[in-house]
Amino acid sequence: MLTPQQNNFRDKNDISGIWKFAADPQKTGEKENWNVKFNNAIKIAVPGSWNEQLEAEGLMHYVGNAWYATDFFIPKYFDNKRIWIRIGSADYYSKLWINEKFVGDNLGGFLPIDFEITSFVKTGENNKLTLLINNELNSDTIPQGISSDEYGEENRRREETFPAARFDFSPYGGIHRPVYIYTTPIQFIKDVSVSTYVMSSVKGKIKLKIDIENSSANQIRLYITGNGATIIKDFSLEGSSFENEFELNECRLWSCDDPYLYKLKIELLEDENCLDEYSLKIGIREVKIDGFNLLLNNEPVFLKGFGKHEDFPVIGKALNLPLLIKDFSLMKWINANSFRTSHYPYAEEWLDFADENGFLVVNEVPAVSLDFRKTNEKTLKNHKDFIKKLIGRDKNHPSVIMWAPGNEPNLVGEESYYNGSGDKYWKEICEYTKQLDPSRPVTIPNCQRAGKDDPVFIHSDVVSLNRYYGWYENPGLLDTAIKRFEEEMDYIADKYKKPIFITEFGADTMPGFHSISDQMFTEEYQSEFLKKYCELIESKDYTIGEHVWNFADFKTPQHFRRVVLNLKGIFNRTRDPKLAAFTLKKIWGK
Ligand code: GCB
């Protein structure tokens, strides 16, 4: 479904706020009909992870079932409309009841969940919503999960974290983005896909696909407003799908320096009678790979920025608009032009802001550290479903320049991964991604342990490397680290003849720790580490960017190598700069 919006034909009410909540560690709620009523309810803020909000109630590290409930009013004027709910994201599995009746379930976090609830609600009255959320993961899910027992069976006790996770960020649970009740007309514009191409510095091309639900409509009218004019185009419509492409002369392109957005308004008409309208902002730009270059509007672009996380004290992974503003302003301050949504899709507001402010985004699917001993047909299916939903949500954002359908497969360094299983899997995933969106390159960041012959390189358009020489290997030995890194990059560039993007490099740093010699965890070490990496990366013709790991310190599962947080942030968790922030600002300001 399209992002809900308010206009002459559609309505949208945000029902986020303070809701009722109960943890259900014994998983008795469904048997005991908690969809009708649950006892011992406490209060929780939506959006917001349950973990830090309800620490005093023992939920800091809670993984399991939890119930949410709220009432919401549906006004009388929603009669004769189709009524929908959008839960911005619920991590990771959820089941919804409206007025005690089961509506549907959803597997997969980080993306919106839409259900039509017209037949479940009463207009002019309060209605009741109950949601069950479970944040457990397993081998079939994206991301994959692991249990404490599995760590034991695999003889990997020293790698075990609590909560047990396959990734290095907190497996927060809860509703992490706003919840909307919204309407569409009976006949409505169901989906819009826009891809843009650049013919010259003043001429663009727009390819448009519109899907319609239930239609007796016979006409589409477009209003393209921008650059001092409104162009109106009329098309006749047959059936439920419409495709067209047209050129835009005297076009103002979208770029980092001039992130110009046109407004596209679409009207769905039946004999001149408007049935529905939908508006979106579009940027005319084209992304291409040419030899070792990444081209934006036929000009090479070098990515400077970060891998990030959605993470902040108390709210956990929830959307926090003041933080969004602060993070973008710090990224501008430091002269960054891009970021990666490591390791999952972020709230859409991030992409809207990137569109408006000329940031380039590498948009990632949460297939983080897939373990190929455990990956199976269900994992593959869930993975593909996720890619489809992500592209469905984010395809129209000019800021999104690349898809990352995964990150760091085979972190466990399993041999069989190289005997065909990795190759087969990534071929299918990358082809599927490109079939859904042929207009953007794909990349899968590779980890040091998976090595320089990772099958992801063959199927990626851009070779992305996460490297930690000088940290996990060669600790404290920066010169050796840089030498090893250079040898490896040269080998990979020569072998695969593809542009190389360093998607992660960084060092944990405790603000306030200092040293005059190379000493891990000090501010000087992080600063010097990043400076040397950037010098090397920027000296190579085959590189297209450097993303420091991480923008800010973030919460991780418990492990002896993490002091509550992953401390590789250039800013601390509350966004105060470390010494390296000033170093990067200088390097990227050149
Ligand atoms: C990585 C992962 C990232 C970790 C990071 C680290 O390679 O992609 O999720 O947080 O290393 O700091 O170890």
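Just so you know, these numbers come straight off a predicted model, no measurement behind them. Computed from heavy atoms alone, side chains included, the values below leave out hydrogens, waters and symmetry copies. Order of appearance sets the numbers: ligands from 1, and atoms from 1 within every ligand. All residue numbers in this chain count up from 1 along the given sequence.
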**OP:** Grab the two heavy atoms, one from Asp453 and one from Tyr496, that are nearest each other, plus how far apart they are.
**Re:** CA-OH, 3.5 Å
**OP:** Determine the minimum heavy-atom distance between Lys590 and Glu538, stating which atoms define it.
**Re:**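 What the structure gives for the nearest pair is NZ-OE1, 4.0 Å.
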Original post:
Is Phe167 touching ligand 1 with its side chain, its backbone, both, or neither, if touching means heavy atoms under 4.0 Å apart?
Top reply: neither
**OP:** Determine whether any heavy atom of Tyr468 lies closer than 4.0 Å to an atom of ligand 1.
**Re:** yes
**OP:** From atom 8 (O) of ligand 1, work out which of Glu504, Lys568, Arg449 has a heavy atom at the shortest distance.
**Re:** Glu504
What's the shortest distance from [atom] to any protein heavy atom, and which residue and atom give it?
atom                   : result
atom 9 (O) of ligand 1 : His343 NE2, 2.6 Å
atom 7 (O) of ligand 1 : Glu408 OE2, 2.2 Å
atom 4 (C) of ligand 1 : Asp168 OD2, 3.3 Å

Show me which atoms of ligand 1 lie under 4.0 Å from any heavy atom of [X].
X      : result
Phe554 : 10 (O)
Asn407 : 8 (O)
Asn466 : 8 (O)
Tyr472 : 6 (C), 12 (O), 13 (O)
Asn566 : 6 (C), 10 (O), 12 (O)
Arg562 : 6 (C), 12 (O), 13 (O)

Is [X] salt-bridged to [Y], going by a charged N under 4.0 Å from an acidic O?
X      : Y      : answer
Glu153 : Lys374 : no
Glu160 : Arg157 : yes
Glu150 : Arg373 : no

Original post:
Can you tell me how far SG of Cys534 sits from CH2 of Trp588, rounded to the nearest 0.5 angstrom?
Top reply: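 SG of Cys534 is found 6.0 Å from CH2 of Trp588.
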Subject >> Lys NZ or Arg CZ of Lys384 over Tyr432 ring: under 6.0 Å, within 45° >> reply: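 The answer is yes, since Lys384 meets both limits relative to Tyr432.
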Original post:
Given Phe551 and His309, is the ring-ring contact (aromatic ring centres under 6.0 Å, His included) satisfied, shown in steps?
Top reply: CA-CA 8 Å; Phe551 176 76; His309 267 298; over 10 Å; no
